[in-house]
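Keep in mind the model is a prediction, meaning the values are calculated, not measured. Letters A, B, ... are given to chains in the order of the sequence lines, protein chains preceding strands, and every chain is numbered from 1.
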Protein chains: 2
Amino acid sequence: MGRNKEFDTTLVLHKAMEVFGYYGYEGTSLQHLLDGLGIARQSLYDTYGTKRDLFISALKHYVTAKSDSVISYLENSDSVRQGITGVFHEGAFILKDENRRKECFIIYSAFDRIPHDTEVAEFITKDLKRLEEVFYETLVRGQSQGEISHRQELRALACYLNYARHSMTQLAKITSDPKVLDDYVKITLSSLDK
Amino acid sequence: MGRNKEFDTTLVLHKAMEVFGYYGYEGTSLQHLLDGLGIARQSLYDTYGTKRDLFISALKHYVTAKSDSVISYLENSDSVRQGITGVFHEGAFILKDENRRKECFIIYSAFDRIPHDTEVAEFITKDLKRLEEVFYETLVRGQSQGEISHRQELRALACYLNYARHSMTQLAKITSDPKVLDDYVKITLSSLDK
DNA sequence: ATCATTCCGGACCATTCAGTCTATAAAATG
DNA sequence: CATTTTATAGACTGAATGGTCCGGAATGAT
């Protein structure tokens, strides 16, 4: 009983990603959020709690969705090279979309918070580890399938690919030239060819 | 005539890099600066102007010094591969130094400011272009000297190396494991071997 | 000695901040 | 109708913000 929520809470969460991604965590004022989310102040506090609570909710929602997508790419592709290539092309594809790219930048607001918010730090660290592990296992499978040379140091390569994927988002923040992004992906992927 | 300045203005500028790098531009309060720089409030305003003025001064000082060093490495090494390798190893070396690494992170506070401060945006963009150009010319020289394969697309490769160098700083912000940094450099440099 | 400059601490300013509270209206359920 | 939940707008708070101004002391050059 009682009145129903009138706004889609996860849709508002996506808007929050954009706001935090644009202004950064410290640079985001409550007014920015109210304008960006299109809800009243009290609704924000009732639904999400404090500004920090909202930030963490938005961040977790973004990161887990992204990581799940990456992992699905890697684990559900028969060809390991196709899986890894798919991850990077998918990432670049989103970053080239004028609308969808905006929310991605919340991850960099989160990186900025690492030294000042242990919950953010632990969450990010755990997710990075989780992803690196999947990259590693995928590469191992690639070696056994003969797609990846046995000369490769898989641990270092997994780590590199993992960070390179994040760097791609950073790169998109500086330039919006799609060709730059594509070239970056191409050269990054050439590290598989040793 | 008159009393002399009692603090080394460029040394204080380096401290400002650290403060801004740690808290971010928005996250840095005047109190943080006063504590970090060790000078009185009025001295700060007399010497550097507003908080934003100080930020831009610190940023420009950092970026130009760094870029000049990179360019010097690239232009003054007979072997092109040694020059490029030198740039990355030097970068990693600084990022592994507990003290010297701190001031490097001002560059990411600057990236965050790009959408909100045109002067910062223009300065960063210009510096990125300048560096990419030197990378490109160096690679051209490398091809003519037979150090770089003629199959390489030099423009894309220059762009990649330029951004990869910046990503290295980002990487250092997330992890302080020196091995991760070294592996990252190693794999990045392997892109020269196509 | 005079004057200019820098130093410092603290007072002071208007503004903005995140967050709370109140009041009232609108739905949905019983 | 009564109850419960949500929605909105606006007033409000205490604290912190960046920035300015003042007063007095120290230092250096003429």
Side-chain angles (χ1 to χ4, degrees), chain A residues 1-59 106 109-110 112-113 115-120, chain B residues 1-59 106 109-110 112-113 115-120:
Chain A
M1 79 160 57
R3 185 174 172 176
N4 291 341
K5 267 223 186 312
E6 289 192 356
F7 56 86
D8 180 340
T9 55
T10 69
L11 191 137
V12 170
L13 221 48
H14 278 270
K15 292 183 183 172
M17 295 174 197
E18 296 186 8
V19 176
F20 281 123
Y22 183 70
Y23 294 104
Y25 177 77
E26 295 276 4
T28 298
S29 73
L30 223 46
Q31 199 54 53
H32 290 143
L33 286 169
L34 300 183
D35 295 344
L37 308 192
I39 61 175
R41 180 174 287 231
Q42 198 57 34
S43 301
L44 190 158
Y45 277 94
D46 287 345
T47 314
Y48 303 101
T50 69
K51 170 184 165 184
R52 176 175 172 275
D53 293 335
L54 172 58
F55 177 73
I56 290 186
S57 296
L59 174 67
I106 192 181
S109 307
D112 289 342
R113 294 302 298 160
H116 312 99
D117 193 316
T118 57
E119 189 177 350
V120 172
Chain B
M1 76 163 55
R3 185 174 172 175
N4 291 341
K5 266 214 187 316
E6 287 192 356
F7 55 87
D8 181 340
T9 56
T10 69
L11 189 137
V12 169
L13 221 49
H14 278 270
K15 290 183 183 173
M17 296 175 198
E18 297 186 7
V19 175
F20 281 123
Y22 183 70
Y23 293 104
Y25 177 77
E26 294 277 4
T28 298
S29 72
L30 223 47
Q31 199 54 52
H32 289 144
L33 285 170
L34 300 184
D35 295 344
L37 307 191
I39 62 175
R41 178 175 287 229
Q42 198 56 35
S43 303
L44 190 158
Y45 277 93
D46 287 343
T47 314
Y48 303 100
T50 70
K51 171 186 165 184
R52 176 175 171 275
D53 294 334
L54 172 58
F55 177 72
I56 291 186
S57 296
L59 175 67
I106 192 180
S109 307
D112 290 341
R113 295 301 298 161
H116 312 99
D117 193 317
T118 58
E119 187 177 349
V120 171

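- Contacts classified as salt bridge (charged side-chain N to carboxylate O under 4.0 Å, His left out) and involving residues 30-52 of chain B (residues at least two apart or in different chains) are given here: B/R52-B/D117, B/R52-B/E119.
- Between the P atom of D/dG18 and the CG atom of B/L33 lies a distance of 8 Å, rounded to the nearest Å.
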Under 3.5 Å, N/O pairs linking protein and nucleotides 22-28 of chain C:
{"residue": "C/dA26", "atom": "N3", "partner": "A/R3", "partner atom": "NH1", "Å": "3.1"}

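- Comparing the helix axis at one end of the helix from C/dA1-D/dT30 to C/dG30-D/dC1 with that at the other, each defined from 5 consecutive pairs, gives an inter-axis angle of 10° (nearest 10°).
- Remark: B/F7 in residues 7-16 of chain B come within less than 4.0 Å of DNA chain C through at least one heavy atom.
- Sequence neighbours left out, the pairs with a member in residues 22-32 of chain B that pass salt bridge (charged side-chain N to carboxylate O under 4.0 Å, His left out) are B/E26-B/R113.
- Shown here are the side-chain hydrogen bond (donor to acceptor under 3.5 Å, both in side chains) partners of A/N4, two or more places apart in sequence or in another chain: there are none.
- At the phosphate of C/dT6, neither OP1 nor OP2 sits under 4.0 Å from any side-chain N or O atom of B/S43.
- For B/S109 (side chain) and B/F20 (main-chain N/O), a donor-acceptor pair under 3.5 Å exists by modelled atom type.
- The side chain of A/K5 has D/dT6 as its nearest neighbour among D/dT6, C/dT6, D/dT8.
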Audit row: B/F55, B/V120, side-chain contact (heavy atoms from CB on, under 4.5 Å) steps and yes/no: CA-CA 10 Å; B/F55 177 72; B/V120 171; 4.2 Å; yes
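- Applying the side-chain contact (heavy atoms from CB on, under 4.5 Å) test to B/T9 and every residue at least two apart in sequence or in another chain returns B/K5, B/F7, B/T47, B/Y48.
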List every contact pair, protein side and nucleotides 13-18 of chain C side both N or O, where the distance is under 3.5 Å.
{"residue": "C/dA18", "atom": "OP1", "partner": "A/T28", "partner atom": "O", "Å": "3.1"}
{"residue": "C/dA18", "atom": "OP1", "partner": "A/L30", "partner atom": "N", "Å": "3.3"}
{"residue": "C/dA18", "atom": "OP1", "partner": "A/K51", "partner atom": "NZ", "Å": "3.3"}
{"residue": "C/dA18", "atom": "OP2", "partner": "A/L30", "partner atom": "N", "Å": "2.7"}

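- With sequence neighbours left out, the side-chain hydrogen bond (donor to acceptor under 3.5 Å, both in side chains) criterion links B/H116 to no other residue.
- Every residue two or more places apart in sequence or in another chain that forms a side-chain contact (heavy atoms from CB on, under 4.5 Å) with B/S57 is listed here: B/L13.
- Take B/T50 and apply the side-chain hydrogen bond (donor to acceptor under 3.5 Å, both in side chains) test, not counting sequence neighbours, and it matches B/D53.
- Applying the side-chain hydrogen bond (donor to acceptor under 3.5 Å, both in side chains) rule to B/E18 yields no partners; only residues at least two apart in sequence or on another chain are considered.
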